[in-house]
Amino acid sequence: MLVLVGDMHRDMRVISLNFLSHARLRTHLLKEVEKHTLLVLNSWNQNCTFSAQDEAKKFTFNLMAKHIMSMDPGEIETEQLKKEYVTFMKGVVSAPLNLPGTAYRKALKSRSTILKFIEGKMEERVKRIQEGNESLEEDDLLNWVLKHSNLSTEQILDLILSLLFAGHETSSVAIALAIYFLPGCPQAMQQLREEHGEIVRAKKQAGEVELTWDDYKRMEFTHCVVNETLRLGNVVRFLHRKALKDVNYKGYDIPCGWKVLPVIAAVHLDPSLFDQPQHFNPWRWQNHGGSGGGGGCPSNKSTAANNNFLAFGGGSRLCAGSELAKLEMAVFIHHLIINYHWELAETDEAFAYPFVDFPKGLPIRVQAQSLI
């Protein structure tokens, strides 16, 4: 889907947007996001050291596998698919040497295995639909595409492969980055505890347990933390584009067919657009700003900052899963902040290879706490 243009890109994007619609986020996905968050967090042991990056990937992969193909976490087939995806991901960013033993060769093999698995799921589902033996639990993307689209088998395979990849890799890195940035900003941690503590206490008084859409909308400072994590972390550092005709831009001639890579990180870290751009400052996003100092003070760069926040791209190729990604981050932060105190177990930091990654997996140590 990344390289498609024209009608086919539009059709696949419409399918993605329909399945990630605002209504579906409210009525279906919020519950699923919270359920999968708690599955991961409840498995953590006191004072143990583990990889926060791996835990974030477990959360986002299980969510997308359930959402796309109704696969349950912990099942043998889910774990096997996750394992193949790890191999596939390593090859995506490797040198394209198709030789025995290389990451690229292994990734090609894993890609073939993944596609065969998805095709098998498709065949099973088509048979059940034809026989009228559908399960009510299979309200997933695969079912929707088979019933409501005219995509070919190859196109459906590509769509599901793309969404599994896009839907878990970038979101998990963003969550890991938030876990990394927050301990270095105690004031932000305290404000998050206050915000989420209020939500928890209000729910307890109302006799409610599960998060609602109103709870999510009340996470105002959390949304500032999400924006700042995405701005400073730059999960997607650049975009791939191609000139469809000769272009003259600021005195430079870009011939038709040339590749153009807009570097998002260069915008997000530009001191003329964001004050102290290397500083983690969630308050810059208060009052709909994006560049001012602490405390949410208005800044004359606010409008420019909003226009230059490109974490999800822009235009006709704006990330179809942007709202889901923000929901995942907010809900994960909510349960993390009300249930745990954490610290970095050893020094680690994010590098771009070119995908953002923590070389040591971001080892953290957690202690249970309660804000109730």
Side-chain angles (χ1 to χ4, degrees), residues 29-68 71-90 164-184 189 192-193 196 211 222 225-226 229-230 233 235 321 324-351 353 355-371:
L29 282 170
L30 174 57
K31 290 180 181 179
E32 286 295 313
V33 169
E34 184 172 30
K35 174 186 170 184
H36 285 276
T37 296
L38 291 171
L39 275 174
V40 170
L41 266 60
N42 290 342
S43 71
W44 292 357
N45 295 319
Q46 283 269 46
N47 294 317
C48 281
T49 299
F50 53 83
S51 165
Q53 182 171 262
D54 287 351
E55 293 299 293
K57 287 188 177 184
K58 184 192 301 181
F59 158 59
T60 56
F61 184 87
N62 286 342
L63 176 68
M64 293 310 294
K66 180 69 174 178
H67 182 51
I68 292 172
M71 297 175 65
D72 292 317
E75 296 290 330
I76 294 175
E77 62 176 9
T78 309
E79 295 304 310
Q80 185 60 40
L81 184 63
K82 190 188 303 177
K83 184 178 177 183
E84 294 292 349
Y85 246 93
V86 170
T87 305
F88 172 63
M89 277 303 305
K90 288 177 181 177
L164 262 178
F165 163 65
H168 94 274
E169 185 64 27
T170 49
S171 296
S172 64
V173 171
I175 290 169
L177 284 165
I179 294 171
Y180 171 72
F181 287 137
L182 282 168
M189 291 274 274
L192 282 173
R193 288 191 184 100
H196 291 282
L211 286 172
T222 306
V225 169
V226 167
T229 298
L230 295 171
V235 176
L324 174 60
K326 289 186 279 190
L327 179 67
E328 288 174 318
M329 291 182 71
V331 172
F332 197 94
I333 288 171
H334 169 79
H335 285 289
L336 178 63
I337 211 83
I338 66 173
N339 289 301
Y340 291 100
H341 168 79
W342 75 94
E343 61 184 8
L344 303 184
E346 55 182 289
T347 304
D348 199 6
E349 57 185 326
F351 287 89
Y353 293 111
F355 294 132
V356 177
D357 191 46
F358 286 90
K360 298 178 183 178
L362 191 60
I364 63 169
R365 188 178 297 109
V366 298
Q367 289 182 321
Q369 68 171 16
S370 176
L371 295 184

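Atom-to-atom distance recorded for I175:CD1 and T37:OG1 is 7.0 Å, nearest 0.5 angstrom. The distance from atom CD of E55 to atom OG of S43, rounded to the nearest 0.5 Å, is 5.0 Å. Note that NE2 of H341 and CD1 of I364 are 10.5 Å apart. Values are rounded to the nearest 0.5 Å. Atom-to-atom distance recorded for I338:CD1 and I333:CD1 is 12.5 Å, nearest 0.5 angstrom. With rounding to the nearest 0.5 Å, the separation of CG in D357 from CD in E349 is 12.5 Å. Taking CZ of F61 as the start and CE of M71 as the end, the distance is 6.5 Å to the nearest 0.5 Å.
Residue K90 qualifies as open at atom NZ: its count of foreign heavy atoms under 6.0 Å is 12 or below.
Looking at E32 and H67, their side chains never come closer than 4.5 Å, going by heavy atoms from C-beta outward. Contact check for L211 versus H335: side-chain heavy atoms found under the 4.5 Å cut-off. In this structure, L63 and H168 have side chains that are not in contact, with every pair of non-hydrogen atoms separated by 4.5 Å or more. Residues E328 and F59 meet the side-chain proximity criterion, which asks for heavy atoms closer than 4.5 Å. In this structure the side chain of W342 reaches within 4.5 angstrom of the side chain of L182, judged on heavy atoms.
A tilted orientation is assigned to the rings of Y340 and W44, their planes being inclined by 30° to 60°.
Nearest heavy atom pair, residue A325 against residue S171, reads CB-OG, 3.8 Å. Nearest heavy-atom pair across L336 and L41 is N-CD2, 3.5 Å. Nearest heavy atom pair, residue A174 against residue T229, reads O-CG2, 3.5 Å.
In this structure, Q369 contributes its side chain and I337 its backbone to a donor-acceptor pair below 3.5 Å. A distance-only check finds no donor-acceptor pair linking the side chain of H334 to the backbone of A330 [under 3.5 Å]. Using a distance-only test at 3.5 Å, with no hydrogens or angles considered, no donor-acceptor pair links the side chain of T78 to the main chain of P73.
Ion pair K360/E346 flagged as a salt bridge, since at least one NZ, NE, NH1 or NH2 atom sits closer than 4.0 Å to an Asp/Glu carboxylate oxygen. Ion pairing of E34 with K31 is absent here, as no side-chain N (NZ or NE/NH1/NH2) approaches a carboxylate O to less than 4.0 Å.
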